[in-house]
Amino acid sequence: MTDVQKDRPWLIRTYAGHSTAKASNALYRSNLARGQTGLSVAFDLPTQTGYDSDHILARGEVGKVGVPVCHLGDMRTLFDEIPLEQMNTSMTINATAPWLLALYIAVAEEQGADVTKLQGTVQNDLIKEYLSRGTYICPPKPSLKMIGDVAEYCYTNVPKWNPMNVCSYHLQEAGATPEQELAFALATGIAVLDELKPRVADEDFPALCGRISFFVNAGIRFVTEMCKMRAFVDLWDEILMERYGVEDPKFRRFRYGVQVNSLGLTEQQPENNVYRILIEMLAVTLSKKARARAVQLPAWNEALGLPRPWDQQWSMRMQQILAYETDLLEYGDLFDGNPVVDAKVEALKDGARAELANIDSMGGAIGAIDHMKSRLVDANAERLNRIEREETIVVGVNKWTEGEPSPLMGEDGGIMVVDPAVEQEQIDRLNAWRAERDEAAVKAALEALRTAANDGRNVMPASIAAAKAGVTTGEWASQMRAVHGEYRGPTGVSKAVSNKTEGLEDIREAVDAVSDRLGRRLRFLVGKPGLDGHSNGAEQIAFRARDCGMEIDYEGIRLTPEQIVEAAKNGAHVVGLSILSGSHIPLVEDLMDRMREEGLSHIPVVVGGIIPDEDAKRLKAMGVAKVYTPKDFALNTIMRDIVTLVDAEAVAAE
């Protein structure tokens, strides 16, 4: 029997990072020892949004959803005893991508690595940040310019590095249809290539195109998702050939990594998520023509909180079994010539081309940001409506909801909790770093960085010099803010009264009645304190409340408790907070204290997020009226609760 020639497996990654650089380093080394073949770094929200760990907006957020990296010392610790020249590292970083890459390069040089051999990716897709994830800093045009800076620098100096991951993953998390996911991501790729084309010689441009990679999402409708991936392959090839004249097919290859869908993971019966993750992985591995280059899987318990190392290991074993135990990699593409697949791929391509033409007519992705945001909010509202109407079945959520308690939960509640003391320890290390560095060198490096940004030069060389001088993440970002200004992204939620009344008549009547008793329209303030930019839930609550006839006050993401309390003074009847980053205890405590100080404790406060039961009890002890988690998917029930809370106040006033 002759040996079968097998394809090489994809890179096996786990998206990981928490608490501190030292703890995350231990986790990385442990995962690599267990068979992981690449690193995928999760940074905490202050790092992603360009704040040091001691900034007021970082309170409660340090080390929660990723690792804090404030300076070269943190990056050095993060990769201690991990030879970067031999590693393939993906960094989920966007607004601060030039800076984190600068720190990575500086650490690699300290290790004695040949920088030209470094392999990996910075996500670096700011357009999807305005649409779905919220970790942007600067306005779109200077942000696009910084994406170009990274790509141009890497092409010359770090040629094996992918300078940008066009990230459609978060578009699906925000409710995008497959056609929207295809079109919005491809429009972003086009915007970046248009930015890069004038920066390099014509003969070098095709190779630069070949370094642009994608990061996608695979949902539960796995036939559609697999066809979507084949459509991505075809459309990217078509765009590079027809729009840019790239003739070498290897530079037109659609190269992508994937994290399968987290939006569909359920808090109810969370053990079911294991099957969902496996089925979603098949969508990006079964078709050889459209197989992912790297796969990272969420853990079964991510709808509950931060996964433990064992949970991450379980997801990694799932990949290893498919890659090494099955015969998948011994065969060519299983779907070539399949009429059902071909028809679905063509339909998706037609839908995506229509969306792309629409975006093109608005001047491309940058000009169409508001349009794309409102399309996503509408699509997500329709997705939630289908679940509420039971047109979309979600097992354990709206069907077959009775079940046995999960033995996987254990005494720790089935998740890992970051020690609150971590934040102060990180701040202490940051202060020690500042005290020990050469202030004159820091000042000179920051001045050189600001001058480069002001003059429109590539910021990468000055960023690397700043990293070596001891500049911090917050100091780097403050220069970008000073030069380019800050940006408030569109919310996608119109203040106009909606005519969507189907199934809402009784709630609208109740809102009208309580508004009459109050003497004015019931006003609902929706706020997102802290740095969590995942605004989908807040948008859908605001969207439904507006449809129910309430007056909505929603200004988007990244507000301090102080700003929300200030807004509550403008006549709010109820305050709703959305926090998904795990920082709910310190942020809500701060807000409730401020509400009392301002004489606003009569206004009911409700909180939504990924909130463990014990934390929910603590929030209620602080005076929070209602706590909602992902299991509370019936928005109309939440709307009735809000009316009831306000009605009690109205009756008391009478």
Side-chain angles (χ1 to χ4, degrees), residues 7 9-15 40 168-173 175-178 181-182 214-233 256-304 307 311-329 331 333-335 338 340-341 344-345 348 383 386-387 390-401 403 406 408 630 633:
D7 293 330
W10 51 89
L11 273 171
I12 296 174
R13 287 184 173 137
T14 306
Y15 182 53
S40 180
S168 72
Y169 174 84
H170 297 94
L171 301 177
Q172 188 177 130
E173 296 284 293
T177 65
E181 192 181 338
L182 286 162
F214 287 73
F215 187 70
V216 305
N217 199 328
I220 195 66
R221 292 171 57 80
F222 89 102
V223 176
T224 298
E225 295 294 313
M226 187 270 292
C227 292
K228 179 190 79 185
M229 297 321 308
R230 289 171 71 95
F232 255 135
V233 168
Y256 77 99
V258 66
Q259 157 105 0
V260 307
N261 192 293
S262 296
L263 178 70
L265 301 184
T266 63
E267 183 184 3
Q268 305 93 317
Q269 301 178 16
E271 61 279 0
N272 296 342
N273 294 330
V274 176
Y275 304 125
R276 292 185 176 107
I277 292 163
L278 172 60
I279 289 165
E280 289 164 354
M281 178 172 58
L282 295 178
V284 294
T285 52
L286 284 181
S287 173
K288 181 176 178 176
K289 177 186 175 186
R291 184 171 294 149
R293 294 291 185 90
V295 177
Q296 56 193 47
L297 303 179
W300 68 281
N301 54 350
E302 282 193 24
L304 307 174
D311 306 315
Q312 293 189 329
Q313 175 188 293
W314 198 16
S315 282
M316 184 162 63
R317 293 291 182 254
M318 201 183 289
Q319 292 203 54
Q320 290 167 327
I321 289 166
L322 183 64
Y324 296 105
E325 291 192 25
T326 77
D327 58 355
L328 175 67
L329 298 178
Y331 293 92
D333 200 292
L334 307 177
F335 301 99
N338 182 308
V340 175
V341 169
K344 181 64 177 174
V345 170
L348 288 169
R383 181 188 69 83
R386 287 195 299 272
I387 293 171
E390 294 190 15
E391 291 169 19
T392 297
I393 300 298
V394 184
V395 174
V397 173
N398 61 2
K399 198 100 171 162
W400 306 295
T401 54
S406 169
L408 296 170
F633 68 94

Distance-minimising heavy-atom pair for [X] and [Y]:
X: L348; Y: A231; answer: CB-CB, 4.3 Å
X: A303; Y: P630; answer: O-CG, 4.4 Å
X: A299; Y: L265; answer: O-CD1, 3.8 Å
X: G219; Y: E280; answer: O-CG, 3.2 Å

Sub-4.5 Å side-chain heavy-atom contact between [X] and [Y]:
X: S168; Y: F232; value: yes
X: V284; Y: M226; value: no
X: N272; Y: R276; value: yes
X: I12; Y: Q320; value: yes
X: V233; Y: K289; value: yes
X: Y169; Y: L171; value: no
X: I279; Y: V260; value: no
X: K344; Y: T224; value: yes

Could you check whether any side-chain N or O of [X] sits under 3.5 Å from a backbone N or O of [Y], counting only pairs where one atom can act as donor and the other as acceptor?
X: D333; Y: K288; answer: yes
X: T285; Y: M281; answer: yes
X: Y256; Y: A292; answer: yes

Residue among V295, D311, L297, T14 satisfying side chain to side chain contact (heavy atoms under 4.5 Å, CB included) with M316: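 Exactly one option meets the side chain to side chain contact (heavy atoms under 4.5 Å, CB included) with M316, and it is T14.
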Audit row: F214, V258, side-chain contact (heavy atoms from CB on, under 4.5 Å) steps and yes/no: CA-CA 8 Å; F214 287 73; V258 66; over 6 Å; no
Spacing of [X] atom [atom1] and [Y] atom [atom2] [to the nearest 0.5 Å]:
X: E302; Y: Y15; atom1: CD; atom2: OH; value: 9.5 Å
X: Q312; Y: R13; atom1: CD; atom2: CZ; value: 14.5 Å
X: T177; Y: K228; atom1: OG1; atom2: NZ; value: 10.0 Å
X: M229; Y: F222; atom1: CE; atom2: CZ; value: 15.0 Å
X: R386; Y: N398; atom1: CZ; atom2: CG; value: 12.5 Å
X: K399; Y: E390; atom1: NZ; atom2: CD; value: 6.0 Å

Pair F335-V345, side-chain contact (heavy atoms from CB on, under 4.5 Å): steps then yes or no: CA-CA 11 Å; F335 301 99; V345 170; over 6 Å; no
Side-chain donor-acceptor pair under 3.5 Å between [X] and [Y], yes or no?
X: N261; Y: Q172; answer: yes
X: W400; Y: Q269; answer: no
X: S287; Y: R230; answer: yes
X: N217; Y: E173; answer: yes

Partners meeting side chain to side chain contact (heavy atoms under 4.5 Å, CB included) with P270 (sequence neighbours left out):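 N273, W300, L304, M409.
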R291/D7 under side-chain contact (heavy atoms from CB on, under 4.5 Å): CA gap, chis, key distance, verdict: CA-CA 11 Å; R291 184 171 294 149; D7 293 330; 3.5 Å; yes
side-chain contact (heavy atoms from CB on, under 4.5 Å) assessment of L322 paired with L282: CA-CA 9 Å; L322 183 64; L282 295 178; 4.3 Å; yes
Neighbour count >12 (heavy atoms, 6.0 Å) for atom CZ, R221: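 Atom CZ in R221 is not packed in, count stays at 12 or less.
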